[in-house]
A.B. asks: 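Please find one structure pasted underneath; my questions will follow.
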Amino acid sequence: MSDPTPKQDERRQELMLLGQIHGMVQSMQITLENQNRRMDKMEERQDERHKANELRLDQAEVRQQERHKANEARADRMEERQDERHNAIDARLRVVEQKAAVAGAISGSAVSIGIALVIEGVKQWLARGGPGQ
């Protein structure tokens, strides 16, 4: 066989170089496609986690609202019980005040009658001559 001509040799080298370049480009394309797939999967997982977190936050907010309502109901019941206690104490205090008023009126009347009797006795005693009789 004959030796290849310099042009054929250059052409062969160019084709080999083009083949190498083509192989490198294909390798880069495959690598980029793999990276794109991995990134897509990562984004999907991140979206799933984001949705799961949003769901958890919504559920936590619902639980917090339920606890808030329960606490308000408890506070209302406590306030009602406290009002009942105050009303009961107020009623008992009124009874005690009424009894104290009656007792004060009776004792005041008794004292005034006693003083009136003492004054009248002193007047009569003085009218009869007093201590020098």
Side-chain angles (χ1 to χ4, degrees):
M1 299 216 158
S2 67
D3 274 340
T5 64
K7 263 193 169 207
Q8 286 179 340
D9 214 17
E10 286 177 17
R11 178 74 180 146
R12 190 177 304 141
Q13 285 179 354
E14 285 176 0
L15 288 175
M16 287 182 67
L17 196 58
L18 282 174
Q20 286 177 349
I21 291 172
H22 180 70
M24 290 171 65
V25 168
Q26 275 185 333
S27 173
M28 290 173 64
Q29 284 177 335
I30 291 171
T31 302
L32 287 175
E33 288 173 1
N34 288 339
Q35 284 180 347
N36 286 339
R37 276 195 292 276
R38 282 194 301 264
M39 289 179 70
D40 290 343
K41 287 179 185 178
M42 285 175 55
E43 285 178 5
E44 288 174 9
R45 286 193 302 264
Q46 188 175 10
D47 287 344
E48 289 172 4
R49 284 193 302 268
H50 182 69
K51 288 177 185 176
N53 286 339
E54 282 182 350
L55 180 62
R56 279 195 295 275
L57 284 174
D58 291 343
Q59 290 170 345
E61 187 176 326
V62 167
R63 284 192 304 271
Q64 184 178 10
Q65 289 173 350
E66 290 171 355
R67 284 192 300 266
H68 181 70
K69 287 178 185 177
N71 287 340
E72 282 183 345
R74 246 184 266 126
D76 290 343
R77 285 193 303 271
M78 288 174 61
E79 188 175 333
E80 288 172 7
R81 278 187 267 147
Q82 193 173 22
D83 287 343
E84 290 172 3
R85 285 186 200 126
H86 287 155
N87 291 337
I89 290 170
D90 190 42
R92 287 191 301 256
L93 186 58
R94 281 197 184 112
V95 169
V96 169
E97 287 173 342
Q98 289 171 349
K99 288 181 181 179
V102 169
I106 291 172
S107 65
S109 299
V111 169
S112 66
I113 290 171
I115 289 176
L117 288 174
V118 168
I119 291 174
E120 193 57 37
V122 170
K123 280 184 187 178
Q124 287 179 6
W125 179 66
L126 288 174
R128 282 188 251 141
Q133 272 187 8

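Basis for what follows: all heavy atoms, side chains included, without hydrogens, waters or symmetry-related copies.
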A.B. asks: Transitively linked via ILVMFWY side-chain contacts under 4.5 Å: Val118 with Ile113?
C.D. replies: no
A.B. asks: Would you give the length of the straight line joining atom CZ of Arg81 to atom CG of Asp76, rounded to the nearest 0.5 angstrom?
C.D. replies: 11.0 Å
A.B. asks: Please determine whether residues Val25 and Leu17 belong to a single hydrophobic cluster, defined as Ile, Leu, Val, Met, Phe, Trp and Tyr linked transitively by side-chain heavy-atom distances below 4.5 Å.
C.D. replies: yes
A.B. asks: Show your working on side-chain contact (heavy atoms from CB on, under 4.5 Å) between Arg38 and Asn34 and close with a plain yes or no.
C.D. replies: CA-CA 6 Å; Arg38 282 194 301 264; Asn34 288 339; 4.1 Å; yes
A.B. asks: We want to know whether His68 and Glu72 form a side-chain donor-acceptor pair, criterion being a heavy-atom distance below 3.5 angstrom.
C.D. replies: yes
A.B. asks: Taking side chain to side chain donor-acceptor pair (under 3.5 Å) as the cut-off, I'd like each qualifying pair that reaches into residues 20-33, sequence neighbours left out, listed once.
C.D. replies: His22-Gln26
A.B. asks: Please report the interatomic distance CG(Asp47) to CD(Glu54), rounded to the nearest 0.5 Å.
C.D. replies: 10.0 Å
A.B. asks: If you round to the nearest 0.5 Å, how far is CG of Asn87 from CD of Glu80?
C.D. replies: 11.5 Å
A.B. asks: Say you draw a straight line from CZ of Arg77 to CZ of Arg74; how long is it, rounded to the nearest 0.5 Å?
C.D. replies: 7.0 Å
A.B. asks: CG of Asn53 to CZ of Arg49: how many Å apart, nearest 0.5 Å?
C.D. replies: 8.5 Å
A.B. asks: Tell me whether Gln35 at atom CD has more than 12 heavy atoms from other residues, nucleotides or ligands lying less than 6.0 Å away.
C.D. replies: yes
A.B. asks: Please identify each residue that fulfils side-chain contact (heavy atoms from CB on, under 4.5 Å) with Ile115, with sequence neighbours left out.
C.D. replies: Val111, Ile119
A.B. asks: What distance separates Met16 CE from Leu18 CG, expressed to the nearest 0.5 Å?
C.D. replies: 11.5 Å
A.B. asks: Please tabulate, for side-chain N and O atoms in residues 88-109, each donor-acceptor pair with protein atoms closer than 3.5 Å (sequence neighbours left out).
C.D. replies:
from, atom 1, to, atom 2, distance (Å)
Asp90, OD2, Arg94, NH1, 3.1
Asp90, OD2, Arg94, NH2, 3.0
Ser107, OG, Ala103, O, 3.1
Ser107, OG, Gly104, O, 3.1
Ser109, OG, Ala105, O, 2.8

